[in-house]
Structure formats: structure tokens, C-alpha cells
Amino acid sequence: MKRPVGAPQTIRLRKGAFTKAVELAGFPSDYALARAMGVHRSTVTRVLTGHLQPGPAFIGGALTALAPMQFDDLFEITPDRHCP
């Protein structure tokens with residue numbers, strides 16, 4: 001998808017792909033996943049429910065815990081709906 005130059009962008013979780021990767025990696029709970037990612041369990045829950053956008057710690061942790069998954073497998077860059 002081509003993005004307009006200068007348009008605000010954000011990173012969003014590809015929830016279906018992320019959930020499948022977690023399942024295939026064998027993490028039995030959000031707590032186990034969060035420990036492997038180095039983030040708090042509530043951060044995992046909030047990102048999965050859409051109440052929080054993934055930040056650098058979440059993204060880095062996900063790419064580490066769910067290797068060999070790559071950024072584009074788990075996340076997408078989309079227009080920021082909160083900016084005019």
C-alpha cells in the first residue's frame with residue numbers, strides 16, 4: 001500500500017498472525033509470553049485487545065520471543081486514525 005508523503009503513520013499488530021505465532025511457539029498463557037518478551041502481562045493483554053498500540057519494547061520482545069517471525073509477519077504500518 002502506498003502511503004502519502006508526510007501522512008502520520010502508526011504500527012498495528014496483525015492480531016491473527018500474532019496469535020497463531022504464539023500458539024505455534026507453544027506459549028501456554030499471556031503470562032508466559034510476556035516473560036519471554038520482557039514485558040508485563042498487562043501490556044500483552046492491552047495490545048491484544050486494542051487498548052494499547054505496540055511500542056518498542058513490545059515489538060522487540062515479540063520479534064525475539066517469536067523468532068523466526070519478522071516485523072512484517074506480526075505488524076503493519078497503517079495511517080494513524082487519531083491524527084487529522
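Everything numeric here is computed off the predicted structure, so don't read it as measured data.
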How many angstroms lie between CD in Gln53 and CZ in Arg46, if you round to the nearest 0.5 Å? 14.0 Å

What do the steps show when you test Tyr31 against Val44 for side chain to side chain contact (heavy atoms under 4.5 Å, CB included), and what is the final call? CA-CA 8 Å; Tyr31 179 76; Val44 172; over 6 Å; no

Residue pair Thr78 / Arg12, side-chain heavy-atom distance below 4.5 Å: yes

If you take all heavy atoms of Ala65 and Phe27, which pair is closest and at what distance? O-CE1, 3.8 Å

Chi angles and distances behind the side chain to side chain contact (heavy atoms under 4.5 Å, CB included) call for Gln9, Ile77: CA-CA 6 Å; Gln9 304 294 312; Ile77 299 172; 3.8 Å; yes

Which heavy atom of Thr10 sits nearest a heavy atom of Pro79, and at what distance? CG2-O, 4.1 Å

How far does NE2 of His51 sit from OG1 of Thr45, to the nearest 0.5 angstrom? 11.0 Å

Would you say Thr19's side chain and Gly16's backbone share a donor-acceptor pair under 3.5 angstrom? no

Could you tell me the separation between the NZ atom of Lys15 and the CG atom of Leu48, rounded to the nearest 0.5 Å? 6.0 Å

With no hydrogens and no angle check, is any side-chain donor or acceptor of Arg14 less than 3.5 Å from a backbone partner on Asp72? yes

Who are the side chain to side chain donor-acceptor pair (under 3.5 Å) partners of Ser42, not counting sequence neighbours? His40

Look at the aromatic rings of Phe18 and Phe75 and report parallel, tilted or perpendicular, splitting at 30° and 60°. tilted

Would a distance-only check, ignoring hydrogens and angles, find a side-chain to backbone donor-acceptor pair under 3.5 Å from Thr43 to Val39? no

Apply the test side chain to side chain contact (heavy atoms under 4.5 Å, CB included) to residues Leu74 and Leu63: give CA-CA distance (whole Å), side-chain angles for both, the deciding distance (0.1 Å), then the verdict. CA-CA 8 Å; Leu74 302 174; Leu63 294 173; 4.1 Å; yes

State plainly whether one hydrophobic cluster holds both Phe58 and Phe71, where clusters connect Ile, Leu, Val, Met, Phe, Trp and Tyr through side-chain heavy atoms under 4.5 angstrom apart. yes

